[in-house]
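Quick note: numbers below take in every heavy atom, side chains included, and nothing from hydrogens, waters or symmetry partners. Only a predicted model underlies this, so the values are computations on that prediction, with no experimental measurement involved.
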Amino acid sequence: MDDYRQRIEHLREAINDHNRAYYVYNSPTISDREYDMLMKELEQLEREHPECDDAMSPTHRVGSDLSEGFKKAEHVYQMLSLGNTYSVAEVEQWAERASTALAGKDTTMVGELKFDGTGISLIYEHGKLVRAVTRGDGTRGDVVTDNVRTIRSIPLTLMGDDYPDFFEIRGEIVMPWQAFEKLNAEREYNEEPLFANPRNAAAGTIKLQSPAEVSRRGLDAYLYYLLGDNLPYDTHYENMLAARRWGFKVSDVMTRLHSIDEVDAFIRHWDTARKELPVATDGLVFKIDSLQQQLNLGFTAKSPRWAVAYKFAPERALTRLTGVSFDVGRSGVITPVANLEPVLLSGTIVKRASLHNADIVRGLDIHYDDMVYVEKGGEIIPKITGVDKASRRSDAREVAFVSHCPACGTPLVRVEGEAAWVCPNKYACPPQIVGRIEHYVGRRMMNIDGLGSETAALLYDRGLVKDVADLYSLRAEQVAPLEGFGSRSAERLIEGIQASTQVPFGRVIFALSIPYVGETTAKKIARVAGNIDRLMSMSATELQGIEDVGPRIAESIIEYFGNDINRDIVERLRAAGVQMAAEEPAETPGSDLLGGKTFVISGVFAKHSRDQYKAMIEQHGGKNAGSISRKTDYVLAGENMGPAKLQKAQSLGIEIIDEDKFLAMITPATPAADGDSSSASSPKSGGMGSLFDDLE
């Protein structure tokens, strides 16, 4: 194969992989800029070799955020992406192309901030919000109206009386830096994967099934474009000022620009000033102001010709490393943390940055008192990306990873197949014990009011609580003399501890700090196991039959309950009245109608929820699995079944059944008839598109 053909195929494969990482797993593997460079190279090669063009190439596709679980709606006006530029010269080339296409007519541009969030289309009728739709694949998107209604900066009813009876306004849903860092702190505490940047956090949040949780996460929105047949003005700028009067949050940054010199000044100003903004931005957007000129310029297959994005270089700053601390997590993992002279990055003061692990420390060749480059800029949480070795002192001492636990002195061990070093002294290392107590009392675990991290450490230091079961032996008179407490606050703490005995079994499992068992997995384990005794006796095979439980989690559960210390804690918690069994299901008594059968559930259902169907399967002797394999007996399919699951089920000859057939299978008086796998509706799949598209 020719070299250029090989390179084209390699680029297409790499870009598609990065698309999946971003859209499917919400975890980008490269930066926006790196991705854009790959895309630009592919576009250039396809232009030079048109015989290699392919309709399925990522250069022809608009990114898609379509997902299961939401109704779909067609866009009134197609939502496309913007072309990217990286220099004033490239912006000038865009402006010259537009001027040429308009036969040299004078053009006024509008400069705006490019907010780093997730695109949204809002439909208003007679001054009221009637529908909110994500960008999706550009032609249709997911309806997220209930979630959008929780965003307080989006008006539900408009002010004034000069708005059109029907119009669409587009904008960006964002997560402010403060809310993003709070959310990631919660996730880090609960040992959940961190969101890579505010954009991913906003995109993930707006697709949650719980509007209450969406509201709690503090999303915001900026609106930037008005569409409709009866808009009040002939220019984009004046229409957005009108939208501001109606109650929409339109950025004050929006500015009319009349020359490339003004564009240059606008770029230079905001390349610095953006660092003090409360939300993430990754560039600027320039639009032709006149709507008539926009109409005359039209669109390419992917982008409007009347607008372009200018992308900032990743933001980073140079500051001094003042020291390195080694933190011990509740699971014993040792994390090196760089302590820095304070520096402003993306609206927040950065004083600490994770060095992640020993391999990163070694690779950076970092020394104490070095001047280091810190990067944030919407890409990730603060990290050290480089060292200014030219300014290093000759006597600077190299940062060495510790060999012993900094808290208890135990020799560290390397986790097989990972970069992490761990303190194995789980039951005598103070930070690990205190960390497990902190976790146990957290809001999403046992929710014990008045018992935060400082109180947990204080109770441990005073010898009152050595493990989580000791909490239930505390008395108010023991707590009242402690710093920050009085008689009434001590009584409230004891009341909160006693109230935690009513917390459901699934949250109890999560609270126990079983390695790798997160909140969602704990609930699934509780539903299948039913009670703590069965869970403690389950084999690895039985555990792996639970959705989301793989070999590593199963091994961790067995190891946890194989330890006498943990079993003793469980028995003392049981004696204290903590819930050690799931509530009895409200459905009809179980049966063995599905005995030995394994089901995979996919899609959206009309008669019952996915969780209800999973409970029915287990209630009647069946098993749930998260992925299709040769061991799968049936796929219970609703609307919008995942295309990958459909293809795999068909390739393995696994029967696909709908709701009616499943319900017949568990009704003794109406035995299930032989089914036809074609009864499941064929889903429409949204195309996976360009990663990090800039949506307008």
Asks: Between E655 and K661, is there a side-chain N and carboxylate O pair less than 4.0 Å apart?
Replies: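 So E655 pairs with K661 through a salt bridge.
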
Asks: Salt-bridge test for E213 and R217: reply yes if a basic N is under 4.0 Å from a carboxylate O, no otherwise.
Replies: yes

Asks: Go through L471 and L451 one step at a time and tell me if the side chain to side chain contact (heavy atoms under 4.5 Å, CB included) criterion holds.
Replies: CA-CA 10 Å; L471 291 168; L451 215 171; 3.7 Å; yes

Asks: Would you check if L652 and T632 make a side-chain contact, meaning some heavy-atom pair closer than 4.5 Å?
Replies: no

Asks: Students often mix this up, so state it plainly: with edges at 30° and 60°, are the rings of F510 and H439 parallel, tilted or perpendicular?
Replies: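 Perpendicular.
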
Asks: Got a donor-acceptor contact below 3.5 angstrom from the T145 side chain to the A132 backbone?
Replies: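 Present.
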
Asks: Does the side chain of D146 come within less than 4.5 Å of V214's, by heavy atoms?
Replies: no

Asks: State the CD-CZ distance between E519 and R444, to the nearest 0.5 angstrom.
Replies: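 E519 CD to R444 CZ: 4.0 Å, rounded to 0.5 Å.
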
Asks: Show your working on side chain to side chain contact (heavy atoms under 4.5 Å, CB included) between V133 and M79 and close with a plain yes or no.
Replies: CA-CA 11 Å; V133 185; M79 292 185 76; over 6 Å; no

Asks: Applying the side-chain contact (heavy atoms from CB on, under 4.5 Å) test to R149, which of I154, L156, V144 qualifies?
Replies: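 Testing each of I154, L156, V144 against R149, the sole residue satisfying side-chain contact (heavy atoms from CB on, under 4.5 Å) is L156.
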
Asks: Just by distance, do the side chain of T521 and the backbone of V517 share a donor-acceptor pair under 3.5 Å?
Replies: no

Asks: Is a donor on one side and an acceptor on the other found under 3.5 Å between the side chain of N566 and the backbone of F561?
Replies: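 A pair under 3.5 Å: no.
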
Asks: For M538 and A529, which heavy atoms make the closest approach, and how far apart are they?
Replies: SD-CB, 3.9 Å

Asks: For residues F662 and F599, establish whether the separation of their ring centroids is below 6.0 Å.
Replies: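 Yes; F599 has its ring centre under 6.0 Å from that of F662.
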
Asks: Any sub-3.5 Å donor-acceptor pair from R436's side-chain atoms to K426's backbone N or O?
Replies: yes

Asks: If we only count heavy atoms from C-beta on, is the L663 to M616 side-chain gap below 4.5 Å?
Replies: yes

Asks: Checking the side chain of N147 only, and the main-chain atoms of L208 only, is there a donor and an acceptor separated by less than 3.5 Å?
Replies: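 A pair under 3.5 Å: yes.
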
Asks: Verify the neighbour count for atom CZ of R630: are there more than 12 heavy atoms of other residues, nucleotides or ligands below 6.0 Å?
Replies: no

Asks: Quick one, Y440 and L573 - any side-chain contact, counting heavy atoms below 4.5 Å?
Replies: yes

Asks: Is it true that a side-chain atom of R507 and a backbone atom of M445 form a donor plus acceptor pair closer than 3.5 Å?
Replies: yes

Asks: Roughly how far, to the nearest 0.5 Å, is CD1 of I173 from CG of L223?
Replies: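 With rounding to 0.5 Å, CG (L223) is 9.5 Å from CD1 (I173).
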
Asks: Scan N624, I546, L594 and name whichever one has a side-chain contact (heavy atoms from CB on, under 4.5 Å) with E618.
Replies: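 One option only clears the test, and that one is N624.
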
Asks: Got E74 and T139 here, is their nearest side-chain heavy-atom distance under 4.5 Å?
Replies: yes

Asks: Given the rule in the side chain to side chain contact (heavy atoms under 4.5 Å, CB included) test, do F505 and I532 qualify, once you have shown the distances and angles that lead to the verdict?
Replies: CA-CA 9 Å; F505 180 46; I532 196 70; 4.1 Å; yes

Asks: Between S602 (side chain) and A637 (backbone), is there a donor-acceptor pair under 3.5 Å?
Replies: no

Asks: So, K72 and D137, do they make that salt bridge, N to O below 4.0 Å?
Replies: no

Asks: Is there a donor-acceptor pair under 3.5 Å between the side chain of T134 and the backbone N or O of G141?
Replies: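 Here the side-chain-to-backbone pair does not exist.
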
Asks: Rounded to the nearest 0.5 Å, how far does CD1 of I628 lie from OG1 of T598?
Replies: 12.0 Å

Asks: Nearest 0.5 angstrom please: I557 CD1 to I509 CD1, how far?
Replies: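 If we round to the nearest 0.5 Å, I557:CD1 and I509:CD1 are 8.0 Å apart.
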
Asks: Nearest 0.5 angstrom please: Y613 OH to I601 CD1, how far?
Replies: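 CD1 of I601 is found 9.0 Å from OH of Y613.
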
Asks: Under a plain distance cut-off of 3.5 Å, with no hydrogens placed, do Y516 and E555 share a side-chain donor-acceptor pair?
Replies: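 No, Y516 and E555 have no side-chain donor paired with an acceptor closer than 3.5 Å.
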
Asks: Would you compute the distance between atom NZ of K648 and atom OG of S629 and round it to the nearest 0.5 angstrom?
Replies: 7.0 Å

Asks: Begin from the C-alpha positions of L535 and L543 and carry the test side chain to side chain contact (heavy atoms under 4.5 Å, CB included) through to its verdict.
Replies: CA-CA 8 Å; L535 176 58; L543 287 167; 3.9 Å; yes

Asks: Write down the atom of V600, the atom of A625, and the distance for their closest heavy-atom approach.
Replies: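 Heavy-atom minimum between the residues: CG2-O, 3.6 Å.
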
Asks: Tell me whether E438 is salt-bridged to R330, with the criterion being a basic N under 4.0 Å from an acidic carboxylate O.
Replies: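 Judged by the 4.0 Å cut-off on N to carboxylate O distance, E438 and R330 do not form a salt bridge.
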
Asks: V635 and A649: which non-hydrogen atoms are nearest, and at how many Å?
Replies: CG2-CB, 4.0 Å

Asks: Which heavy atom in S153 sits nearest to a heavy atom in A221, and how many Å separate them?
Replies: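 Taking every non-hydrogen atom into account, OG-N, 3.2 Å.
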
Asks: Knowing that exactly one of R131, K207, K71 qualifies, which makes a salt bridge (Lys or Arg N to Asp or Glu O under 4.0 Å) with D142?
Replies: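 Of all the options given, the one that passes is K207.
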
Asks: Is the backbone of M446 close enough, under 3.5 Å, to the side chain of S500 for a donor and an acceptor to pair up by distance?
Replies: no

Asks: Any side-chain heavy-atom pair from D220 and F115 closer than 4.5 angstrom?
Replies: no

Asks: Is there a side-chain contact between H620 and M665 in this structure, where contact means two heavy atoms from C-beta onward sitting under 4.5 Å apart?
Replies: no

Asks: Is the count of non-hydrogen atoms from other residues, nucleotides or ligands lying under 6.0 Å from R216 atom CZ greater than 12?
Replies: yes

Asks: Find out whether Q579 and P504 are in side-chain contact, i.e. whether some heavy atom of one side chain is under 4.5 Å from a heavy atom of the other.
Replies: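 Answer no - side chains too far apart.
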
Asks: Closest approach of Y472 and Q498, non-hydrogen atoms and distance?
Replies: O-NE2, 4.2 Å

Asks: Between the side chain of S556 and the main-chain N/O of I553, is any donor-acceptor distance below 3.5 Å?
Replies: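 Looks like no, no N/O pair under 3.5 Å.
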
Asks: Looking at R152 and S215, what are the two nearest heavy atoms and their distance?
Replies: NH1-OG, 3.6 Å

